[in-house]
Structure formats: C-alpha cells, structure tokens
Protein chains: 2
Amino acid sequence: MAAMARVIESRRRNTRTKTGAVLSAELIVDAALSLVGEHGAAALSVRRLGAAIGCDPTAVYRYFASVDALFLAMADRLIAQALEGFEPGGDWKANLRAIAERTYGVYVAHPRVATAVASRVTGGAHESRVIDLVLGELHRAGFAGEQAVRLYRSFGDFVLAFSAVDADFLARPDEVRAADVQRWQDAYSDVDPGQFPHLAAEAPIVVAHAESSTFAFCLELLLDRLEALAA
Amino acid sequence: MAAMARVIESRRRNTRTKTGAVLSAELIVDAALSLVGEHGAAALSVRRLGAAIGCDPTAVYRYFASVDALFLAMADRLIAQALEGFEPGGDWKANLRAIAERTYGVYVAHPRVATAVASRVTGGAHESRVIDLVLGELHRAGFAGEQAVRLYRSFGDFVLAFSAVDADFLARPDEVRAADVQRWQDAYSDVDPGQFPHLAAEAPIVVAHAESSTFAFCLELLLDRLEALAA
DNA sequence: GTATTCTGTCAACGGTGTTGACGGTAAATT
DNA sequence: AATTTACCGTCAACACCGTTGACAGAATAC
C-alpha cells in the first residue's frame, strides 16, 4: 500500500465516532462502494458517505486527501474484484478477452471511479497484478520488450476508455438516456440521400444499432490484430 | 438544426442585454468555446459564461434547456471545426486516420464537451456529415450493410472514448498530472520479480512510457485490422 | 393603441468539495 | 501513574455549482 499516494496512512487509534463506528481507510472504501452499489453513482458524495458510515462527512479527509484519492483507492479494490476467481486457461487470446470483459464489468458499475481512473494509475497492488497478468499473456503470445509494453498499454487504455465512456452513458438518468436514443432515431431515420448518400444507404441499420455498445466488437478487432501480429 | 433536441429555438427578438449584447444560441456557443480556449475547461460555468458574454448567467437557459444541451451544441460545432479544410485523398485508410486525428484534436482541447458527448449523439448536421464521410470510406474499402455500420460505430466510439479520456487527463491541474507520473514511476521502477515476473522484466520500458498517450498506436492497430478485413 | 408573448434580470434553493479551528481521547513519554 | 503530545472526529463556514420561479420591461402581433 506504500505506493497508494495521497492516502494518509499512519498508525490509527481506536477513537470511536459519535454513533460508535471505528473508522479506517478500508471501511470508508467499503462504504463508498456499497453506497454506489445500492443507490447509484450519483449517491456518492462526501456528505452522504458520512451519513452512511455514521460519522461527520469531513472525517473522510483524515483518511483521504481528496475524493480523487478515494476514487483511486476504490479503483484498486475494483481491480481485485474483477480478477476474483479468474483462472487463466490455455489460450492467451481468450485470457485477454476475459480480463478485458471482467474489468469492463466492474468499472461500468462504478462510473465515477472509472472516469477518475481511466487515464491514470492507482499505484495499488492489484493494479500491478493485472498488468503482470496482461504482460504475461502477451509474452506467451510472443511479444517482448518495447512492443509488448506498447501493446499492454494500448490494451489497458482501450479497456479503460470504453469502460469509462459506457459507464458514463449507463449512469445517466433513464429519461436522458431515452432522449438520446430518440434523438439518434430522429436524426438518422430520415436522411437526405442527396446530401449524405452513404449514411442514407445504411440508415435503417444505423437506427437499429442505436442502443448497443460496441465494446465487445471493437475488443475483438483489437485482439484479432494482436493475433495477426503474433503470427 | 431541427434535430438538435433540447435547444430552445424560435424566432428571436432584438432585446438587448444590460451591457448591450444581443444574445443568440450561436453567440453563446462561441463564447463558451472561447472561454474554454482562453482559460481552460474548468473556467466554463454558467456564471462565468454570463460574465464573459455580458448578461445575467440565467439568460443562457432561455437558449439551452441545460448545460448538457449546451455541450451538445458545442460538440456539433467542434465537429465542424475538426473537418474544416479536410480533403479526402485517394487512400481510405489515410482518410480514416486523418478524420480520427482531427476529431481527437478538437475534443482533447475541450474535455468537458468530450466527456458529455463521447457516448452520445448531438443530432446536429455536422455529425451527420462526419458519419457519412466515415461510412463513405468504409464503403470504398469494400464494407457494406451490417458490417459497415458495426465498423463505423466501433471506429467512432473508439475515437470518442480515447478523446474523452485523454482530454480528461490533460485537463487536470499540472500538479495532479505530475503526481500521477510520479506515482507511475514509484510503482513500477522497483517491482518484485518473484511476485510480478513479467512486469519486472519490462519495468524499465514501462516506466519510460509513463507520459505518452497510446491513441495513435492503438488507432493504427484498429486500422490495420480493418485493412486485413477488407482484403 | 392595446394585448401578448418573449426574454433578460434578480433572488434563492439545494447541492457540491474543501478548509480551519476546537476539544476530547488515546497513545507516548517521563 | 501522571503528564505531555499527537491524533482525529466534530462543527461552522467558504466558495463554488446547476437550476427554478417570480418579475418587469421591451418587442412583436392584433
């Protein structure tokens, strides 16, 4: 945990809160994750977090220098959660796919954490583990050195970027999401073939694809390219 | 403009603001874009926007139902800006690459807009144009129907997701960004080879790649895969 | 010339992250 | 065991944020 910067860490005392709770960084991360799990990403604020734990909201700042630091700690916990029970099989491509889908899954469930960490480093232990895992599969595929690092970075950034964006979309209120789909259909159900010939030609298919995410398909494109490179 | 939902549009009157300005949706979008250009993404708020224009902040709500709607309008303007002066050459792969890089460029300069629109539809005219452009290149490459649509969606989501994430990172205060790079180096400059053998093996290269974005490299992987599929 | 609708202004609400002072309490020191 | 020290939970407050509803003047319509 030494590398988890900006987390205030030192010996803790057994001081109790007004309602009797004994605080710790782990407990706060737990509470934050379950708060999001139960009431959605929008429910996560320092005040609500304090209410859920049973302490003054500002007590959180005794353990994390900012909510950003809290998000990083949550992210590392999420990585652990994503890898829980994962057993690499024989196929490196299938393993990478599984890692991507598991990571995508947990981040999509925690949009604000995903956004906060998408382009960054938690510095936590579980992050090191997943990087080692990915690099291991790439090594087995035959990549090494500079190329392996570039590919692992691309793979990681790809997964995180899609996770963050999709999470952001899914976390929107239902009405906003519905309005988006509606706008999509309005815009492309009646395209002028003179102005936009190619779009008009595919319009029905475009409209039909309004709601689905392209993550899985795009991931497959990436993995297929890796396979071609490995050969 | 009819499809640009949530923009309040009707005949406008010539009423002047206290400082003499005559408001319009276009003027507000202009002001918002230049506000971000001059003072950074964090400078964009309804209050500061009003101050920059020379009107009461809440006057913005006479033209846009919410800041989200304003962001969508800004996004469509940015698409136009990205495509300005673009002339497709003979190579569809090069054209797609150019479109991707131009789009990436404008969105990276406007992080909040990028985040707001990454997984969504502006419904604006310029958006239709860029989709038609991309679909046109894919048609020329030999793709059609379901596959062409899937590929265009993947391409678009890919570019937007990377743009949003990279924009978010670059928009962070310098100190936060520096702390991130530092944390990266701390975490991976001294890895235990027993625990994380693959990571330890590549550690020096990983550390060296701390700051660079993988967008261009990852885009090339995607385009290469498209090329293979087209053949 | 009157009526109506538009639209800029104002005050206010409820929310956010964060800071600094205060004081009791647990641990460290003597 | 007594005293000092450092911690850390609490409280009040600051400076923001997006958004709403009432109000009134001004431009258009009749």
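All heavy atoms count here, side chains included; hydrogens, waters and symmetry mates do not. On a predicted model such as this, the values are computed, not experimentally measured, just so you know. In what follows, chains carry the letters A, B, and so on, assigned in the order in which the sequence lines appear, proteins first and then strands, with residues in each chain numbered from 1.
- Looking at Glu127(B), its side chain does come within 3.5 Å of a backbone N or O of Thr122(B) through a donor-acceptor pair.
- Put simply, Thr17(B) has a side-chain N or O that comes within less than 4.0 Å of OP1 or OP2 on dT9(C).
- Atom-to-atom, OH of Tyr61(B) to P of dC10(C) comes out at 17 Å; the value is rounded to the nearest Å.
- Distance, Phe64(B) CZ to dT7(C) C1': 15 Å, rounded to whole Å.
- For the side-chain contact (heavy atoms from CB on, under 4.5 Å) test, residues two or more places apart in sequence or in another chain that qualify with Ala43(B) are His39(B), Arg48(B).
- Across the protein-nucleic acid pair, Leu35(A) atom CG and dT16(C) atom P stand 11 Å apart, rounded to whole Å.
- Rounded to an integer number of Å, the gap from CG of Leu27(A) to P of dC8(D) is 14 Å.
- When distances run from any side-chain atom of Asp56(B) to the nucleotides dT9(C), dT10(D), dG8(C), the shortest one goes to dT9(C).
- One atom, NZ of Lys18(B), and another, C1' of dA24(D), lie 13 Å apart when rounded to the nearest Å.
- In this structure, CG of Leu49(A) is placed 13 Å from P of dG9(D), rounded to the nearest angstrom.
- Judged by closest nucleotide on DNA chain D, Ala21(A) is the one of Val46(B) and Ala21(A) placed further toward the 5' end.
- Considering CZ of Phe155(B) and CG of Leu135(B), their distance stands at 11.0 Å, rounded to 0.5 Å.
- Each of Leu70(B), Leu27(B), Ile28(B) was evaluated against Tyr63(B); a single residue qualifies, Ile28(B), per the side-chain contact (heavy atoms from CB on, under 4.5 Å) test.
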What's the verdict on ring pair (Phe, Tyr, Trp, His ring centres under 6.0 Å) for Phe215(A) and Tyr104(A), showing C-alpha distance, side-chain angles and the deciding distance? CA-CA 9 Å; Phe215(A) 172 69; Tyr104(A) 179 83; 3.9 Å; yes
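- Relative orientation of the Trp184(B) and Tyr188(B) rings is perpendicular, given thresholds of 30° and 60° on the angle between their planes.
- For Ala59(A), taking side-chain heavy atoms from C-beta onward, the closest of the listed nucleotides dT9(C), dG8(C), dT10(D) is dT10(D).
- OP1 or OP2 of dG8(C) sits under 4.0 Å from a side-chain N or O of Tyr63(B).
- Donor-acceptor pairing under 3.5 Å, judged by distance alone, is absent between the side chain of Arg47(A) and the base of dG15(C).
- Comparing dC8(D), dG17(C), dG18(D) by their closest approach to the side chain of Arg112(A) singles out dG17(C).
- Taking only side-chain nitrogens and oxygens, Thr15(A) never comes nearer than 4.0 Å to OP1 or OP2 of dC8(D).
- The side chain of Arg48(B) places an N or O atom within less than 4.0 Å of a non-bridging phosphate oxygen (OP1 or OP2) of dC17(D).
- For Val67(A), taking side-chain heavy atoms from C-beta onward, the closest of the listed nucleotides dT7(C), dG17(C), dG18(D) is dG17(C).
- Of the two residues contacting DNA chain D, namely Gly54(A) and Pro57(B), the nearest-nucleotide position lying further toward the 5' end is that of Gly54(A).
- Note: CZ (Arg16(A)) to C1' (dT10(D)) measures 17 Å, nearest angstrom.
- Out of dC8(D), dT20(D), dG8(C), the shortest distance to the side chain of Thr58(B) is found at dT20(D).
- Distance CZ (Arg62(A)) to C1' (dA26(C)): 15 Å, rounded to an integer number of Å.
- Taking 4.0 angstrom as the limit, Ser45(A) places a side-chain polar atom (N or O) nearer than this to OP1 or OP2 of dT16(C).
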